[in-house]
Amino acid sequence: MEENLVNGIRVRFAPSPTGNLHLGGVRTALFNYIFALKYSGKFILRIDDTDRVRSKKEYEDVIKDDLRWFEIKWDEFYRQSERAFIYEKYLNTLKENGLAYECFCTEEEILKSKEIAIKSKKPYIYNGRCANLSSGEKEKLSFSLKEKGLYSSIRLNIAQVLRMDPSFYSVEFNDAVHGHLSFNSKLIGDFILKTEDNRFAYNFASIIDDYDLGITHVIRGEDHISNTPKQILILKALGKEPPVFAHISLLYGKDGKIMSKRDAASNIKYYKEEGYLPEAVLNYLAVTGNTFTVHSSKDGKKEIFEKEIFSNILEMADLLDIKKAKGSSAVLNEDKLRHINEKRLALMPAEQLIKVLTEKFQAASILAKLKEEYGEDFYFEIIDFLKNEFKTVKEILKELEIFFDDFKINLSGIKYDDGLRKALLDSFQNINDFNENSIKNIIKEAASQNSKTVKECYETLRLFITGRLDGPSILKIIKFLGKNRAVKRLSI
RNA sequence: GGCCCCAUAGUCUAGCGGUUAGGACGUUGCCCUCUCACGGCAGUAACACGGGUUCGAAUCCCGUUGGGGCUGCCA
């Protein structure tokens, strides 16, 4: 693949706006995007909305918003619904050259002959009835179709294509991930280019666009493998050369079932709500069903290791090798996503995290409040502290609440040692130098003076400061809160 | 039914004829520790099955099984 990358690389992501973007779709978009990044190519977003009934503008908007959330930026944008004249043009050339023909068969007829074929254990191939009709017959069939309120469709004439170039008896191509693939075109049958309701069929519109838009590499899900020979045949009929194909594996849901646009856990919204960083999701998506290897040498010895956590998307792009993508499908593992999110969170500088929190998680107001109450220095320190303690931004945002004066602690029904509380309060009031060490010492003193364990002191303290018995270092939290807030919470 | 893709632990993977089958997530135990998490250490768990080829197979070939896709108009 590397050899022919001298000229401009052009890739595309072509979702249909018939539902929300799901993780599998994001993964396909991502591979295209980083492929373009790696080779300084163009990434094109094309909305495949040939299905006018199911396609909705709102879904197109959701797809765009989601891609923006992930910062997957497209260089060019197209809608298939606006490009029908182009498909029409190519279809006419096919017709003029006798490579496409009008078909008057009804669904009933097709289904029936398919059923017969299956029953007799023979491959179903369209019988080509309409390939060689006289104009009189056409008129007659057309008339009877119209009487039923139906229209004719257009098929590719494969026999004619083969006559043009007999080598295409076997359609072969080198898939960048699957290697050499070959299909017998005799078994494909004359397939539909334009439907009876006057729409361009997917296989036609898609490959015409890929050609017309100058796409050099088609990176898509492996569910399209069987469509590829058809698309190649269309191009061949037009005398054009096909792009390079790379069929990446599909991502399955946690239940091992194929991802559905209706499945909550495959919807991007879920990951936003759970507080996963967009780049962590991309990082996860990139390493599942795929391997990034780094070659290094230590003491003259060559070492290879698999890279799993990236610091940014450029690094991912740089290390991408589409040939390393697995041909087998992968199952979503949210624990691993969580793990990657945690790592990426820790790696991220506080300033950058603040930017992400503001832009991607609507946290602007709470951050502004924090900054105002704690001052610039503590503001960054607190964020820096929390990002190392939690796995998701949801958890961070939740923890942020304890830093504010209006944080309510509900201790009703919870047992605590009130004497110890008073003792701690007393000690706290008398601290002059308020820092981690002095707080630590005070706790020790309080423990010995009240014949309690240090652990009990910490627990009581934690309970009155945060309302919980677990969480990040209570010493650090108290340091950030400061003497006044700490005393106030102990004074309840 | 036909054609095609795929097959290493619960999950994601390394491996490309000779390895104690490596790593990651999870999980278990221990250490660290005010708790949770992090981190450190240790453990757990896999070549779907059956034939070949070969001195030798996770690795190459064939078959079976299983999962998936396409096959009339979803993309």
Mind listing the N/O atom pairs, protein and nucleotides 6-8 of chain B, below 3.5 Å?
{"residue": "B:rC6", "atom": "OP1", "partner": "A:His178", "partner atom": "ND1", "Å": "3.3"}

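- Here the separation of B:rC47 from B:rA9, taken at their P atoms, is 7 Å to the nearest Å.
- Looking at heavy-atom distances under 4.0 Å, A:Cys105 makes contact with a base.
- At a threshold of 4.0 angstrom between heavy atoms, the contacts of A:Ala201 with the nucleic acid are absent.
- For A:Thr291, a side-chain nitrogen or oxygen approaches OP1 or OP2 of B:rA14 to under 4.0 Å.
- Using modelled atom types, one finds no donor on one side chain facing an acceptor on the other under 3.5 Å when comparing A:Tyr87 with A:Asp212.
- Each of B:rG2, B:rC34, B:rC4 was ranked by its minimum atom distance to the side chain of A:Leu187; first place goes to B:rG2.
- Distance check on atom C1': B:rG26 versus B:rU11 gives 8 Å, rounded to whole Å.
- Rounded to whole Å, the distance from OH on A:Tyr124 to P on B:rU71 is 11 Å.
- Rounded to whole Å, the separation between the P atoms of B:rC3 and B:rG10 comes to 33 Å.
- Using a 4.0 Å heavy-atom distance criterion, A:Gly289 is classed as a sugar-phosphate-only contact.
- For the P atoms, the distance linking B:rG43 with B:rC62 amounts to 40 Å, nearest Å.
- Nucleotides B:rA45 and B:rG29, compared at atom C1', are 16 Å apart to the nearest Å.
- Straight-line distance from the CG atom of A:Asn203 to the P atom of B:rU71: 8 Å, rounded to whole Å.
- Only the P atoms considered, B:rU8 is 11 Å distant from B:rC49, to the nearest whole Å.
- Contact annotation: side chain of A:Glu306 to base of B:rG15, donor-acceptor pair absent below 3.5 Å.
- Annotation: salt bridge (Lys or Arg N to Asp or Glu O under 4.0 Å) contacts of A:Asp175 (sequence neighbours excluded): none.
- A:Lys230 forms a cation-pi arrangement with A:Phe191, by the criterion of a distance under 6.0 Å to the ring centre and an angle within 45° of the ring axis.
- Each of A:Lys121 and A:His180 lies near RNA chain B, and the nucleotide nearest A:Lys121 is the one positioned closer to the 5' end.
- Nearest to the side-chain atoms of A:Asp48 among the listed nucleotides B:rA75, B:rC3, B:rC74 stands B:rA75.
- Taking the C1' atom of each, B:rG50 and B:rC12 are spaced 28 Å apart, rounded to whole Å.
- Of the side-chain N and O atoms in A:Thr50, one or more sit less than 4.0 angstrom from OP1 or OP2 of B:rA75.
- Checked against B:rC34, B:rC36, B:rC74, the side chain of A:Asp470 finds its nearest nucleotide in B:rC36.
- Taking only side-chain atoms of A:Asp223, from C-beta outward, the nucleotide of B:rC74, B:rA75, B:rA14 with the closest atom is B:rA75.
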Show the numbers, then the answer: is there a ring-ring contact (aromatic ring centres under 6.0 Å, His included) between A:Phe310 and A:Phe292?
CA-CA 10 Å; A:Phe310 299 91; A:Phe292 292 82; 4.9 Å; yes
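- Across all strands, A:Tyr126 comes closer than 4.0 Å to no nucleic acid atom at all (heavy-atom distances).
- Nucleic acid contact class of A:Tyr202 (heavy atoms, under 4.0 Å, all strands): base.
- Within the nucleic acid shown, A:Pro229 has no heavy atom closer than 4.0 Å to any nucleic acid atom.
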Please tabulate, one pair per line, each protein N/O and nucleotide N/O from nucleotides 24-27 of chain B that are separated by under 3.5 Å, including the distance.
{"residue": "B:rA24", "atom": "O2'", "partner": "A:Glu308", "partner atom": "OE1", "Å": "2.8"}
{"residue": "B:rA24", "atom": "O2'", "partner": "A:Lys336", "partner atom": "NZ", "Å": "3.1"}
{"residue": "B:rA24", "atom": "N3", "partner": "A:Lys336", "partner atom": "NZ", "Å": "3.4"}
{"residue": "B:rC25", "atom": "OP1", "partner": "A:His339", "partner atom": "NE2", "Å": "3.1"}
{"residue": "B:rC25", "atom": "O2'", "partner": "A:Lys336", "partner atom": "N", "Å": "3.2"}

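- Here B:rC73 is the nucleotide among B:rA75, B:rU35, B:rC73 with the atom lying nearest to any side-chain atom of A:Ile192.
- Here A:His224 lies in heavy-atom contact (under 4.0 Å) with a base.
- When distances are taken from the side chain of A:Asn227 to each of B:rA37, B:rC70, B:rU35, the shortest belongs to B:rC70.
- For A:Arg79, the salt bridge (Lys or Arg N to Asp or Glu O under 4.0 Å) partners at least two apart in sequence or on another chain are A:Glu60, A:Glu82.
- Applying the Watson-Crick and G-U wobble criteria (two distances, each under 3.5 Å), B:rG1 pairs with B:rU71.
- Rounded to the nearest Å, the gap between the C1' atom of B:rU71 and that of B:rA48 is 28 Å.
- You won't find any donor-acceptor pair under 3.5 Å spanning the side chain of A:Thr453 and the base of B:rC34, going by distance alone.
- Proximity of A:Arg344 to A:Leu282: side-chain heavy atoms (C-beta onward) are nowhere separated by under 4.5 Å.
- Residues that satisfy the ring pair (Phe, Tyr, Trp, His ring centres under 6.0 Å) test with A:Tyr202, not counting sequence neighbours, are A:His224.
- With 3.5 Å as the limit, one finds a donor-acceptor pair spanning the side chains of A:Ser81 and A:Asp49.
- B:rC16 is unpaired under the criterion used here, namely a Watson-Crick or G-U wobble arrangement in which both key atom distances are under 3.5 Å.
- Side-chain proximity of A:Ile225 to B:rG69, B:rA14, B:rC4: nearest is B:rC4.
- Residues passing the ring pair (Phe, Tyr, Trp, His ring centres under 6.0 Å) test with A:Tyr416, sequence neighbours excluded: A:Phe464.
- Taking a cutoff of 4.0 Å between a charged side-chain nitrogen and a carboxylate oxygen, A:Arg468 and A:Glu399 qualify as a salt bridge.
- Base pairing of B:rA9: no nucleotide in any strand meets the Watson-Crick or G-U wobble criterion (both distances under 3.5 Å).
- Both distances falling under 3.5 Å, in either a Watson-Crick or a G-U wobble arrangement, place B:rC49 opposite B:rG63.
- Considering only side-chain atoms of A:Arg462, the nucleotide from B:rC12, B:rC73, B:rU35 that sits closest is B:rU35.
- Distances from the side chain of A:Val331 to the nucleotides B:rC73, B:rC38, B:rC12 place B:rC12 closest.
- Across the strands present, B:rU35 finds no partner; the criterion is a Watson-Crick or G-U wobble pair with both atom distances under 3.5 angstrom.
- At the heavy-atom level, A:Thr288 lies under 4.0 Å from the strands shown only through sugar-phosphate atoms.
- Nucleic acid contact class of A:Thr106 (heavy atoms, under 4.0 Å, all strands): base.
- For the atom pair A:Ile248 CD1 and A:Arg27 CZ, the distance stands at 5.0 Å (nearest 0.5 Å).
- In this entry B:rG29 has B:rC41 as its Watson-Crick or G-U wobble partner, both defining distances falling under 3.5 Å.
- Between A:Phe43 and A:Phe13, the two ring planes are parallel [angle under 30°; tilted spans 30° to 60°].
- The 5' end of RNA chain B is approached more closely, in terms of each residue's nearest nucleotide, by A:Lys119 than by the other of A:Glu196 and A:Lys119.
- Side-chain polar atoms of A:Glu172 and A:Ser170 form a donor-acceptor pair below 3.5 angstrom.
- Using modelled atom types, one finds a donor on one side chain and an acceptor on the other under 3.5 Å when comparing A:Ser438 with A:Asn435.
- Among the atoms of the strands shown, none is found under 4.0 Å from any heavy atom of A:Glu456.
- In this structure, A:Arg199 reaches the sugar-phosphate backbone alone: every heavy-atom distance under 4.0 Å involves primed, P, OP1 or OP2 atoms, never a base.
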